[in-house]
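Chain letters run A, B, ... following the sequence lines, proteins first and then strands; every chain starts at 1. Side-chain atoms are counted along with the backbone in the values below, which use heavy atoms only and exclude waters and symmetry mates.
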There are 2 protein chains.
Amino acid sequence: MAVKKTKLDEMETVFAALADQTRLRLLNLMRDEEVCVCFFTEVLNESQPKISRHLAYLRKAGLVDSRREGKWVHYGISDRLDPMARTVLDNVLEWLGSQEVMTREHEELVAACCSLDVPVTIARAPKPEALVEREEIARPKPEPEIETYLL
Amino acid sequence: MAVKKTKLDEMETVFAALADQTRLRLLNLMRDEEVCVCFFTEVLNESQPKISRHLAYLRKAGLVDSRREGKWVHYGISDRLDPMARTVLDNVLEWLGSQEVMTREHEELVAACCSLDVPVTIARAPKPEALVEREEIARPKPEPEIETYLL
DNA sequence: AATTCATATACGTATAAACATATATGTTAA
DNA sequence: TTAACATATATGTTTATACGTATATGAATT
């Protein structure tokens with residue numbers, strides 16, 4: 001016997017999910033696309049259980065979806081949101097994006113994806129595709145050309 | 001020694017304020033203009049202390065302002081909101097307005113302002129101006145004409 | 001000044017939520 | 001099968017929050 005969830009219930013749920021700074025920071029990082037848990041943990045410099053718990057909260061609230069890829073789990077903003085919730089979430093991301101501190105954290109994520117010198121915890125983790133592409137565009141790898149020349 | 005409030009703090013505060021159904025219902029009623037506390041209590045059919053407490057929460061969060069007029073106190077949406085918060089709140093009101101239950105509650109407020117047969121608790125309370133004007137436009141009073149005719 | 005009316009706040013209780021630490025669970029490699 | 005890696009969940013503690021009931025506070029009337 002499922003309890004019917006009203007729109008007001010949904011509103012309360014969505015705003016409760018947004019009423020926490022750690023969760024806002026998580027949403028900021030996954031603004032462009034899904035991100036692996038280990039990257040959240042690394043960039044936000046928070047404990048793994050804490051990050052995991054907040055991600056679970058966001059998922060239960062319906063704001064994000066998760067996908068497992070072997071040992072790795074990715075979280076991204078849900079593409080099945082109620083239009084109203086989607087609008088509010090867009091507002092949130094814009095508000096976050098207007099803050100230098102949040103912009104900097106997102107840049108740290110980008111840096112973590114592009115840098116070759118990263119902690120072992122994320123060294124082998126699957127990187128967000130869009131950010132990896134940015135790497136290839138911004139920094140063409142010199143190694144392949146050198147090797148080809150030697151051959 | 002005031003603690004400096006960051007934008008992330010403000011976001012958390014705003015969304016925490018929105019994360020309660022009673023408070024959402026209150027915002028819905030004051031969407032057009034300020035409303036006297038007694039009308040909130042009457043229309044939402046909730047206890048006075050409960051209403052008062054939630055209004056205080058909204059005021060502390062900066063979403064609403066209050067104004068005393070003798071024995072009566074009016075609450076309305078603040079006109080000094082951060083633009084980002086304002087955008088979110090506008091979308092909240094739109095989300096609320098899309099719900100039949102919320103539309104009906106707002107209509108109850110209008111009815112309470114226009115009806116001549118109301119509980120003594122709000123019979124003498126100052127009515128929201130915009131809604132009163134709507135009364136004059138929508139329902140011209142027949143009594144004044146009858147009285148004038150008798151005279 | 002006492003009384004009435006309108007609203008704010010106090011008090012006690014129950015529930016929810018955030019957190020650090022510990023541990024369980026799921027996947028992969030050896 | 002065991003061990004390593006990545007993530008989810010359990011546990012105990014602290015803090016915040018919502019609520020009903022009671023009371024205090026502020027304004028107006030008598």
Heavy atoms only, 4.0 Å cut-off, all strands: where does A/F39 land among base, sugar-phosphate and nothing?
nothing
Please name all residues satisfying side chain to side chain contact (heavy atoms under 4.5 Å, CB included) with B/Q99, sequence neighbours left out, ordered by chain then number.
A/K7, A/L8, A/M11, B/W95, B/L96, B/M102
Taking only residues two or more places apart in sequence, or in another chain, which ones meet B/T13 in a side-chain hydrogen bond (donor to acceptor under 3.5 Å, both in side chains)?
B/K5
Look at all strands and tell whether B/F40 reaches a base, only sugar-phosphate, or nothing, counting heavy atoms closer than 4.0 Å.
nothing
Tell me: CH2 of A/W72 to C1' of D/dA8, nearest whole Å?
16 Å
Under 3.5 Å, is there an N or O donor on one side and an acceptor on the other linking the side chain of B/Q48 and the base of C/dA8?
yes
Heavy-atom distance under 4.5 Å between the side chains of B/L63 and B/I77, does that happen here?
no
Taking atom P of D/dT7 as reference, at what distance in whole Å does atom NZ of A/K50 sit?
17 Å
Can you tell me the distance, in whole Å, between the CG atom of B/L58 and the C1' atom of D/dT17?
14 Å
Which nucleotide in the set D/dT9, C/dA8, D/dT7 lies at the smallest distance from any side-chain heavy atom of A/R59?
D/dT9
Let me know, please, whether B/A56 or A/G70 comes out on the 5' side of the other along DNA chain C by nearest nucleotide.
B/A56
Between the protein and nucleotides 10-15 of chain D, which nitrogen or oxygen pairs come in under 3.5 angstrom?
unit_1	atom_1	unit_2	atom_2	d
D/dA10	N6	A/R53	NH1	3.0

If you take any heavy atom closer than 4.0 Å to DNA chain C, which residues from residues 12-21 of chain B end up in contact?
none
Residues in side-chain hydrogen bond (donor to acceptor under 3.5 Å, both in side chains) with B/E12, at least two apart?
A/Q21
To the nearest Å, how far apart are B/R67 CZ and C/dT7 P?
13 Å
Could you tell me how far apart A/L55 (CG) and C/dA18 (P) are, to the nearest whole angstrom?
13 Å
Give every residue pair that meets the salt bridge (Lys or Arg N to Asp or Glu O under 4.0 Å) criterion with at least one member in residues 71-81 of chain B, sequence neighbours excluded.
B/D65-B/R80
Determine whether B/L18 and B/V88 satisfy the following criterion, side chain to side chain contact (heavy atoms under 4.5 Å, CB included), listing intermediate values before the conclusion.
CA-CA 10 Å; B/L18 298 173; B/V88 168; 4.1 Å; yes
Counting only pairs under 3.5 Å, give me each side-chain donor-acceptor contact of residues 51-61 of chain A, with atom names and distances, residues two or more places apart or in other chains.
unit_1	atom_1	unit_2	atom_2	d
A/H54	ND1	A/R23	NH1	3.0
A/R59	NH1	A/Y75	OH	2.6

Could you state the OH-P distance from B/Y57 to D/dA16, rounded to the nearest angstrom?
11 Å
Residues in salt bridge (Lys or Arg N to Asp or Glu O under 4.0 Å) contact with A/E46, at least two apart in sequence or another chain
A/R25, A/K50
Figure out the NE2/P separation between B/H74 and D/dA27, and round it to whole Å.
14 Å
Shortest side-chain distance from B/K71, nucleotide among D/dA28, C/dT9, D/dT17:
D/dA28
Quick test of your reading of the model: are A/R104 and A/E108 salt-bridged, counting only N-O distances below 4.0 Å?
no
With sequence neighbours excluded, residues passing salt bridge (Lys or Arg N to Asp or Glu O under 4.0 Å) with A/R86
A/D90
Looking only at the side chain of A/S52 (C-beta and beyond, no hydrogens), which of the listed nucleotides D/dG20, D/dC19, D/dA8 gets closest?
D/dA8
For A/E46 and C/dC19, what is the distance between atoms CD and C1' respectively, to the nearest whole Å?
10 Å
Please determine if a side-chain N or O atom of A/H54 lies less than 4.0 Å away from the OP1 or OP2 oxygen of C/dC19.
yes
